[in-house]
Enquirer: 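Attaching a single structure in structure tokens format; questions to follow.
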Amino acid sequence: MPLPLTALLEGLLFVSERPLTIQELAQITREPARSVAAALEELKAAWLGKGILLQEQAGAYLLVSHPEVAPYVRTLLGVSRKERLSRAALETLAVIAYYQPATRADIERVRGVNSDHTLAVLLNRELVAAGERRLTPGRPIEYRTTFEFLKYFGLASLEGLPERERFLAELAGSSQEESDGPAGEKTA
Amino acid sequence: MPLPLTALLEGLLFVSERPLTIQELAQITREPARSVAAALEELKAAWLGKGILLQEQAGAYLLVSHPEVAPYVRTLLGVSRKERLSRAALETLAVIAYYQPATRADIERVRGVNSDHTLAVLLNRELVAAGERRLTPGRPIEYRTTFEFLKYFGLASLEGLPERERFLAELAGSSQEESDGPAGEKTA
Amino acid sequence: MSAPLPAVRLDVFAGPLDVLLRLIQEQKLDITDLSLMAVTKQFLDHVRGMEKQDGPLLAAFLRVAAQLMHGKSQALLHEPQDFLDETEESLEEQLRGYERFKQIMTAVAAWQEDCDVAYQRMAPAPLPVALPQPDLVNYAPDDLVSALAAVLEEREEDLPAVARRTVHIETYLDRIGTLLLLQGQTGFRELIEPVQSLEEIVVAFLAVLEFLRSRKAQVRQTGLYADILILSMDAERAAIPRDEVAAGNIRDAVAEVR
């Protein structure tokens with residue numbers, strides 16, 4: 001009796017040391033991408049409350065341990081807790097995480113200060129990665145958060161970012177800020 | 001709401017690179033061995049017919065992929081093997097090559113970033129191999145480069161590593177450079 | 001004019017917008033051009049008090065200071081509409097954006113404290129090749145020989161002395177192939193069940209070795225003198241129901257095996 005597709009995906013994700021895209025999984029299992037996507041959703045639900053977490057970003061999937069197991073994992077491996085990010089680094093990371101893709105100028109505009117150094121730190125720690133060049137004057141590089149970022153914060157996906165909904169709503173609001181709508185004037 | 005013991009064990013077994021005994025698991029989770037044994041039995045049953053198998057070898061437990069996934073895994077690994085080493089992987093490899101034997105913590109200290117992923121890539125490509133356990137707390141595994149590594153770089157021996165002295169000095173320097181102070185914002 | 005400058009320490013603030021926002025909030029003002037001008041002096045005091053170690057950061061503060069000064073001078077000249085170079089986002093807008101961002105940052109900072117790491121697997125998963133390959137890994141070809149010896153010994157006792165028959169290895173290759181095809185497996189005893197002569201047993205054994213050599217079958221033995229189990233390597237073929245296999249197919253399949 002052959003294993004169901006979910007089990008195949010489970011085995012592949014378990015073995016893989018890098019995120020696998022739906023396309024790759026479809027190719028390897030010789031199943032349509034649609035079935036793979038559906039099976040992955042099924043797995044995601046099945047793993048809720050388990051010791052394993054299925055992380056997803058931009059159609060790629062990675063299996064990791066649940067963040068709540070982390071203290072025990074550290075005991076097992078004899079590793080220490082990760083260093084906290086500096087405030088500046090955290091701010092820069094947050095700009096990229098919420099606005100992504102974000103260019104260097106985007107970051108500077110939001111933070112009001114040159115962020116080259118912290119960006120370099122984040123790139124070095126692989127929490128963010130350089131992507132495409134934006135098709136605007138100067139063709140600036142766009143930055144995005146990585147799977148390392150998801151792992152660092154124990155997130156299943158970018159949807160788990162705190163206050164993301166509110167942020168997105170405000171972002172939408174701020175673009176028509178001049179119209180001074182109901183959300184327009186905010187008091188401190 | 002804390003995770004149940006089965007989930008903790010699941011996470012630990014998922015992350016572990018070697019079989020874990022009931023005693024070890026009991027020690028790490030601070031649960032009686034009896035409960036651990038019962039939870040493992042529960043897990044074994046839960047993983048039946050899944051893509052991952054809980055394997056028992058001489059009283060130690062290890063998660064492995066299901067044998068029926070094997071052909072797909074080979075396809076996957078075949079694909080992965082052909083990929084060029086990432087910059088991060090190359091860095092990790094360099095740390096191991098110059099510091100060897102190096103533990104995971106050593107690598108992380110030098111690189112200033114968690115290197116589990118790249119280490120897994122290197123292990124998978126057999127450029128490095130796990131060796132003895134170091135007699136320090138946590139008994140971490142020591143990693144060394146392999147013969148495959150020498151072949152990859154066309155080296156006759158490790159003596160042939162270029163500029164060993166200088167490189168060591170540079171690595172030591174770069175690990176400090178990254179410690180971003182609380183004031184944070186230092187621009188380039 | 002407000003009293004002593006709040007203790008603005010650099011390690012608390014990430015940049016000029018941060019300082020500006022704090023100054024405005026402490027005077028319970030809304031973010032407006034007017035509010036900005038009200039805190040200009042304090043901001044300038046802050047810049048004067050900065051340790052001049054970090055050039056680029058100081059530059060960022062000076063730039064904002066210049067924007068404030070410019071705004072204030074415009075206001076005095078009663079041209080507030082020209083507060084800023086119109087190609088740039090106004091300081092007010094920028095500050096509003098930053099205020100919103102700061103609210104998110106509060107959540108993010110708390111989150112950094114609470115969250116923990118999701119760990120990736122530490123090493124490549126043990127390859128399934130190393131998985132439980134039932135029993136068979138424990139046996140070397142030599143074990144087959146001893147098993148055969150046992151079978152032969154058993155037979156020797158009651159083998160009647162009959163006239164010899166010629167046996168061909170092909171006969172057994174066919175027989176094993178057919179049995180594997182139909183059942184997926186067969187026992188060595190079953191294989192030689194109707195057999196009478198020693199030669200036939202040897203020939204049957206050679207046929208089994210041939211299947212092993214060509215990797216068309218694997219063998220398994222559960223104990224030292226237990227029956228040798230011959231298993232098809234081809235799971236699919238073994239799964240074909242008996243009646244669906246036409247004689248022709250069998251012959252083809254057997255030929256293929258050989």
Enquirer: Which atom names give the shortest non-hydrogen contact between C:A107 and A:P162, and what distance separates them?
Expert: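 Reported closest heavy-atom pair: CB-CB, 4.2 Å.
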Enquirer: Closest approach of C:D116 and A:P67, non-hydrogen atoms and distance?
Expert: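 For C:D116 versus A:P67, the nearest heavy atoms are O-CB, 3.3 Å.
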Enquirer: Find the one option among A:V69, A:I52, A:L85 whose heavy-atom pairs under 4.5 Å with chain C are most numerous.
Expert: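 Highest number of heavy-atom pairs under 4.5 Å: A:L85.
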Enquirer: Taking atom CD of A:E91 and atom OH of C:Y98, what is their separation to the nearest 0.5 Å?
Expert: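 Result: 3.5 Å between the selected atoms.
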Enquirer: Starting at CZ of C:F101, measure out to OH of A:Y99 and round the result to the nearest 0.5 Å.
Expert: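 Answer for the CZ-OH pair, C:F101 versus A:Y99, is 7.0 Å.
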Enquirer: Please name the pair of heavy atoms, one in C:M105 and one in A:A94, separated by the smallest distance, quoted to 0.1 Å.
Expert: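 Heavy atoms only, the tightest pair is SD-CB, 3.4 Å.
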Enquirer: Could you check if a side-chain atom of A:R87 sits within less than 4.5 angstrom of a side-chain atom of C:D18, using non-hydrogen atoms only?
Expert: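 Side chain of A:R87 against side chain of C:D18, heavy atoms only: contact under 4.5 Å found.
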Enquirer: Counting only non-hydrogen atoms closer than 4.5 Å, does A:L155 touch chain C with its backbone (N, CA, C, O), its side chain (CB onward), both, or neither?
Expert: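 For A:L155, the contact with chain C is made by the side chain alone.
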Enquirer: Contact part of A:V95 toward chain C, heavy-atom cut-off under 4.5 Å: side chain, backbone, both or neither?
Expert: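 Both the backbone and the side chain of A:V95 come within 4.5 Å of chain C.
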Enquirer: Please look at A:E108 and chain C and tell me whether the side chain, the backbone, both or neither of the residue comes under 4.5 angstrom of a heavy atom of that chain.
Expert: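 Contact with chain C involves the backbone of A:E108 alone.
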Enquirer: Taking A:R74, A:Q55, A:H66 one by one, which has the highest count of heavy-atom pairs under 4.5 Å against chain C?
Expert: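 Looking at each of A:R74, A:Q55, A:H66 in turn, A:R74 comes out on top.
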Enquirer: Which answer fits A:L62, side chain, backbone, both or neither, if we ask what part of it has an atom under 4.5 Å from a heavy atom of chain C?
Expert: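 It is the side chain, since no backbone atom gets that close.
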Enquirer: So which atom in A:L90 and which in C:A109 form the shortest heavy-atom distance, rounded to 0.1 Å?
Expert: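 Between these two residues, the closest heavy atoms are CD2-CA, 3.9 Å.
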Enquirer: Report which part of C:A118 has an atom under 4.5 Å of a heavy atom belonging to chain A: side chain, backbone, both, or neither.
Expert: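 Both parts, backbone and side chain.
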